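Data first, discussion second: the structure below is written as structure tokens.
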Amino acid sequence: MTKNKTVRLTLYRYAGKFLFFRIKKRCKECDISYAILQRLMNEQLRGKAVSLRIVPWLDNFWKVIWRGGWHAPILTVNEKVFSQGKVPDIPKLLSKIGKILNDTSLIQLGKAKIEKASSPEEDSEIIVYFSPACPHCRQLLSYLDTNGIKYSGKDVTKTESARQDVERLTGRLTIPVVVIKGEIINGLDRNRLKNLLGISADAEKMVKSDVRNLIPHFTDSQLSKIYQKAKNVLDKNRLNGWTMPSNRLYPHLWNWDSGFISRGYLHYDPERAYTELRSLFRGQWSDGFLPHIIFNPEYTHHFPGPGYWKAGNSGKVPSGIFTSGISQPPVHATMIVASAKLDPDRERAFSFLKEIYPKLKKLHDFYFTERDPQSENLVSIVHPWESGLDNAPLWDEPLAAITDTSEWALSMQKKYDELAEQGNRPKRTYIEKYSYLIENLYKNNYNWGKISGNHPFLIQGVLFNSILCKSERDLGKIAEAIGYDPYIHYEKADKLKTAINKKLYDETEGIYYNFDLVNQRHIKRDTIFSYMPLFAGIPDKDMGKRVLDTLRTHCFCIADMDCVAIPSYDMCQVDFDGEFYWRGPVWVNINWYIAQGVRQYGEAELSDWIENSLIALADRYGFYEYYDPDSGRGLGEKDFSWTAALIIDLIAQKLRSEN
């Protein structure tokens with residue numbers, strides 16, 4: 001019996017460190033190579049026995065230099081150098097892979113003639129060579145669009161001929177390149193563009209998303225005004241002692257939303273913070289589980305409503321309360337741990353901490369006992385919505401592996417149609433699978449032991465476990481403040497930290513990945529959530545630097561700070577969508593975590609940039625649910641509570657540190 005052949009592609013990007021030297025500059029050839037290879041993996045090589053790893057060159061130079069590879073980007077095929085110092089020849093690469101796998105379709109793709117590189121003047125008066133992963137390219141295209149300039153765009157990540165054109169015109173592969181009536185502009189040069197296009201200063205329309213002008217230095221007076229606007233949002237969404245995420249689409253009590261909201265209240269009305277969490281924990285089940293929704297009985301038309309979850313079948317729901325049947329990341333201990341410092345009434349603060357501590361402990365104990373089926377000190381989630389990252393690319397592969405369905409799940413997908421048409425929400429094709437997972441939960445009466453043995457979705461998530469690790473440590477601080485033993489919590493946090501580093505950290509790539517317990521594999525998708533361990537202090541000092549290096553070499557706008565803030569998904573990915581929920585936009589809560597995380601590892605300037613970016617977004621566009629990383633335009637729900645609450649937290653910290 002012959003062993004199945006596989007192809008291992010490894011791209012060594014110009015990044016990393018050796019001894020005291022660290023690479024901080026971007027390599028455009030590396031970025032383009034990365035984008036092209038990702039596109040190949042998602043298109044021509046999808047379903048083939050081909051894997052792709054992206055690694056920092058300087059951390060691994062000794063592995064490849066003896067094979068003849070010394071000039072990044074270096075691409076190896078089964079540990080043999082295929083190309084270096086330039087973007088790989090894709091037709092030759094496909095042909096080589098096809099020969100290794102004995103795949104005639106790939107061999108034919110490789111042999112296909114590259115279309116003749118045409119003279120730019122013949123195609124259009126204006127030609128722009130660009131890559132979707134290039135920030136300056138996006139700014140250039142937006143500038144041309146804003147000024148009504150017609151042009152022919154050529155994506156260098158898609159065709160070999162476009163790359164050949166650029167090399168012929170400029171002598172190297174660099175983007176963006178604009179050709180106007182035979183004149184060549186290399187890079188983003190607005191003055192030359194205006195002169196060649198005949199745009200007068202009066203007629204010129206500037207791009208609203210000019211990032212350089214978006215992030216000002218705020219005066220105390222300006223910060224105070226933004227602070228008041230954020231308070232107004234929370235006032236607007238407050239209802240009967242608790243706060244809606246928004247008063248249109250989210251009229252109920254949401255789990256981690258209320259945690260973030262309590263953080264904002266803590267700065268100016270601590271009693272509201274305590275009432276917020278009291279209202280949330282009214283819905284805590286008898287086993288310690290805290291649902292992700294406590295339903296507002298005044299809103300009966302919300303979908304999915306209580307009947308969708310059938311949580312009452314569990315026998316664990318408090319009497320008179322209607323809830324969902326899944327949870328969300330346990331942010332609460334971290335959000336409330338500073339109450340003794342921030343509440344001027346210390347007696348009130350300690351009284352509340354004593355009241356909430358046993359409920360928080362019961363919640364955390366639930367995760368450690370009921371959601372660790374492998375006894376690895378790692379918690380698993382049972383539904384994508386439990387992560388809080390509803391339609392993130394992280395769930396594409398695990399959901400695709402679920403082939404079963406039911407009549408009920410199909411009917412739920414139809415019901416969702418009306419809601420999905422109201423705005424950007426998860427693809428409707430996923431609702432069937434979301435519903436199928438929920439059906440399995442309620443058919444098992446939310447018996448977590450049974451569910452862990454027959455459920456098709458069990459994920460050990462980086463974000464969820466990182467938040468739990470930090471919250472457990474903060475729960476220890478709360479315990480110590482009110483006279484209980486903190487070390488039981490510190491010990492659990494340490495065990496969880498060790499487990500995350502042991503199982504979820506990829507030492508080769510310098511990044512953390514989710515693990516799929518059902519399919520027994522890591523989910524290697526380049527999302528910002530892979531960097532959440534920084535916030536929890538999970539990597540040691542050296543690991544933290546490696547994780548930061550990886551963050552810089554991927555397309556999260558960190559190296560050049562050329563977005564409005566950090567996007568939720570790597571912008572080089574072919575399925576990146578800057579306007580679609582958790583598949584690209586900027587989210588304030590995740591950026592809030594990352595800002596604190598990078599600061600812990602010595603990146604104060606980067607942390608300041610993130611925090612100022614978030615305040616600037618709220619000031620310029622309003623308190624939206626999420627934002628377009630290129631333009632900064634607000635998306636989703638307007639006057640979103642956790643956005644307002646976390647902006648309050650950032651401003652309060654800035655004003656306090658300055659004073």
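Values in this document were obtained by computation on a predicted structure and should not be read as measured data. By convention here, the first residue in the shown sequence is residue 1.
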Does a sphere of radius 6.0 Å around CZ in Phe322 hold more than 12 heavy atoms from other residues, nucleotides or ligands, not counting ones at 6.0 Å or beyond?
no
Can you tell me if NZ on Lys638 sees more than 12 non-hydrogen neighbours from other groups inside 6.0 Å?
no
Would a 4.5 Å heavy-atom cut-off, applied to side chains only, mark Ile326 and Trp309 as touching?
yes
Student check: side-chain heavy atoms of Gln228 and Lys231 closer than 4.5 Å
yes
Side chain to side chain donor-acceptor pair (under 3.5 Å) contacts in which one or both residues fall within residues 321-336, not counting sequence neighbours:
Asn255-His332, Trp285-Thr323, His292-Ser324, Ser327-Tyr367, Thr334-Ser471, Thr334-Asp474
Can the ring centres of Tyr531 and Phe556 be said to be less than 6.0 Å apart?
yes
How would you list, by chain and number, every residue that makes a side-chain hydrogen bond (donor to acceptor under 3.5 Å, both in side chains) with Trp592, sequence neighbours excluded?
Asp649
Phe515 vs Leu378 side-chain heavy atoms within contact, under 4.5 Å:
no
Taking only residues two or more places apart in sequence, or in another chain, which ones meet Tyr274 in a side-chain hydrogen bond (donor to acceptor under 3.5 Å, both in side chains)?
Asp343
Are side-chain heavy atoms of Ser613 and Ile566 found at a separation under 4.5 Å?
no
Between the side chains of Arg633 and Tyr624, is a donor N or O closer than 3.5 angstrom to an acceptor N or O?
no
Under a 4.5 Å cut-off applied to non-hydrogen side-chain atoms, are Leu360 and Phe281 in contact?
yes
The single option from Ser262, Ser641, Ser258 passing side chain to side chain donor-acceptor pair (under 3.5 Å) against Glu276:
Ser258
Under a 4.5 Å cut-off applied to non-hydrogen side-chain atoms, are Trp642 and Trp587 in contact?
yes
